[in-house]
Amino acid sequence: MTQRQVYLDHNSTTPLHPEVAKTLTEAMTVFGNPSSMHAFGRQAKGMVNEARERVASFIGALPEEVIFVGSGSEGNNTVLSILGCAATGCSCDRVHKPHIVTTAIEHPCILETSKCLTGRGSKVTYLGVDEYGKIDLKELRDSITEQTGVVSVMMANNEIGTLQDVREAARIAHEKGALFHTDAVQAFGKIPINVHDLGVDFLTASAHKIYGPKGVGALYVRRGVQFCPLIHGGHQERGRRAGTENTLGIVGMGKSVEMRSLEMADEAARITSLRQTLKAGIEERIPDVWFNGHPTDTLQSTLNVSFAGAEGESILLYLDLEGIAVSTGSACASGSLDPSHVLMATGMPVERAHGSIRMSLGRGNTMQDVEYVLDKLPGIISRIREMSTVYGRK
Ligand SMILES: *Cc1c(COP(=O)(O)O)cnc(C)c1O
């Protein structure tokens, strides 16, 4: 009998939607350069434009406000790097102010870019969060100065799922004369987004988090906002992102967005109930657990939980032996076992941060998956706790 496989790591990446896979297969042989004027080029250009219209209408934007980029990370780097123009005297004439306000719980592609820009003369303020992962809007207001070029606040956190009040944060930024960006990579395709309703100037999305291909994302830039590209060269993307378009990736992103617009609403209700069952089952069957993140303002697909007396990495490996894929809060990226910067920012003790795992649900998950996890997890936790030298030996 083959082992059951349960994928609960959709915040890291998602499997291709079968319809996207089909579209990609069909589009694979289209090779024209979208910048070419002949029929081959026009065919590719048509496909790119269709995808652009899909993405734009999905967020209430105009097609010309959507730039295709190489990843969510590139989109975020692009927005913050326009600040570098002000700090380093870039020869583009679109000088922005050199101060960035962001949060302590952003994705590394915001935090590391901010760090790099600090070395190049920008100034960065990191807003703290409360125990649920929410920023303080008053602190945001107080941190914006005349020198603030961009405020960047993520819409939904990838580790704990907490949603920020982006509309209000954008309003405050504008009131004080700064532009506003949101990293919406985790929220895009899970909750409805309308850029006009939110009032944002920039918004980042990524295809591989919504059952699309890896290595392609979209950046919304509000019409009229001054903009210096991160990648200079040809006139692709209206001169805002050089390089021959990743036609296939873009077509895949367009299709994945189309599928989201068809499936998102029904799926949300189903995932909410899976999460509730998972959470209640853990609470009922395992003592000494904490749920991290906000109780209500959260992505329903994300459940982050800490277990006293158990390391997240051990839990992950034992679950993996049972065919269950989760992730830990720890930033293993650099091979370091530092506790998650997100969990630490919420002010929890370091042991609790180390004892956390993230389960992120998606369209393929079923109630049987949840029952399988609830069947395996309690035994794994007690086995790890039995081996612990600290748990239960107070
Ligand atoms: C995954 C993710 C990114 C990075 O997107 P890539 O396309 O993988 O570069 C950025 N921000 C958040 C919140 C993410 O979850």
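This structure is a prediction, so every number in the text was calculated from the model and none was measured. Atoms within a ligand are numbered from 1 in the order they appear, just like the ligands themselves.
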List the atom pairs, with distances to 0.1 Å, where a side-chain N or O of residues 217-224 and a protein N or O form a donor-acceptor pair under 3.5 Å, not counting sequence neighbours.
from: R222; atom 1: NE; to: D201; atom 2: OD1; distance (Å): 2.8
from: R222; atom 1: NH2; to: D201; atom 2: OD1; distance (Å): 2.8

* Asked: Taking the minimum heavy-atom distance to atom 2 (C) of ligand 1, which of E74, K209, H208, K214 ranks first?
  ->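 Result: the heavy atom closest to atom 2 (C) of ligand 1 is in K209.
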
For [X], the ligand 1 atoms whose distance to one of its heavy atoms is below 4.0 Å:
| X | result |
| --- | --- |
| S71 | 7 (O), 9 (O) |
| M154 | 13 (C) |
| S206 | 6 (P), 7 (O) |

Starting from [atom], which protein heavy atom do you reach first, and at what distance in Å?
| atom | answer |
| --- | --- |
| atom 11 (N) of ligand 1 | D183 OD2, 2.7 Å |
| atom 9 (O) of ligand 1 | S73 OG, 2.6 Å |
| atom 5 (O) of ligand 1 | G72 CA, 3.5 Å |

>> Is there a polar contact between ligand 1 and N158, counting only N or O atoms under 3.5 Å apart?
In response: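 No; the residue has no nitrogen or oxygen that sits under 3.5 Å from a nitrogen or oxygen of the ligand.
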
- prompt: According to the interplanar angle, ranging from 0 to 90°, do the rings of F58 and F188 count as parallel (below 30°), tilted (30 to 60°) or perpendicular (above 60°)?
  reply: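 Rings of F58 and F188: perpendicular, as their planes differ by over 60°.
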
Report all side-chain donor-acceptor pairs from residues 15-26 shorter than 3.5 Å, counting only partners two or more places apart or in another chain.
from: H17; atom 1: ND1; to: E19; atom 2: N; distance (Å): 3.0
from: H17; atom 1: NE2; to: E263; atom 2: OE1; distance (Å): 3.2
from: H17; atom 1: NE2; to: E263; atom 2: OE2; distance (Å): 3.0
from: H17; atom 1: NE2; to: R363; atom 2: NH2; distance (Å): 3.1
from: T23; atom 1: OG1; to: E19; atom 2: O; distance (Å): 3.0
from: T25; atom 1: OG1; to: A21; atom 2: O; distance (Å): 2.6

### Query
Are side-chain N/O atoms of E74 and S71 paired as donor and acceptor at under 3.5 Å?
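Judged by distance alone, the side chains do not pair up.
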
### Message
Could you tell me if T113 and N77 have a donor-acceptor pair between their side chains, going purely by distance under 3.5 Å?
### Response
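Yes, side-chain donor-acceptor contact under 3.5 Å.
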
- [ ] Check L198, V200, V185 against M155 for a side chain to side chain contact (heavy atoms under 4.5 Å, CB included) and give me the one that passes.
- [x]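 Exactly one option meets the side chain to side chain contact (heavy atoms under 4.5 Å, CB included) with M155, and it is L198.
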
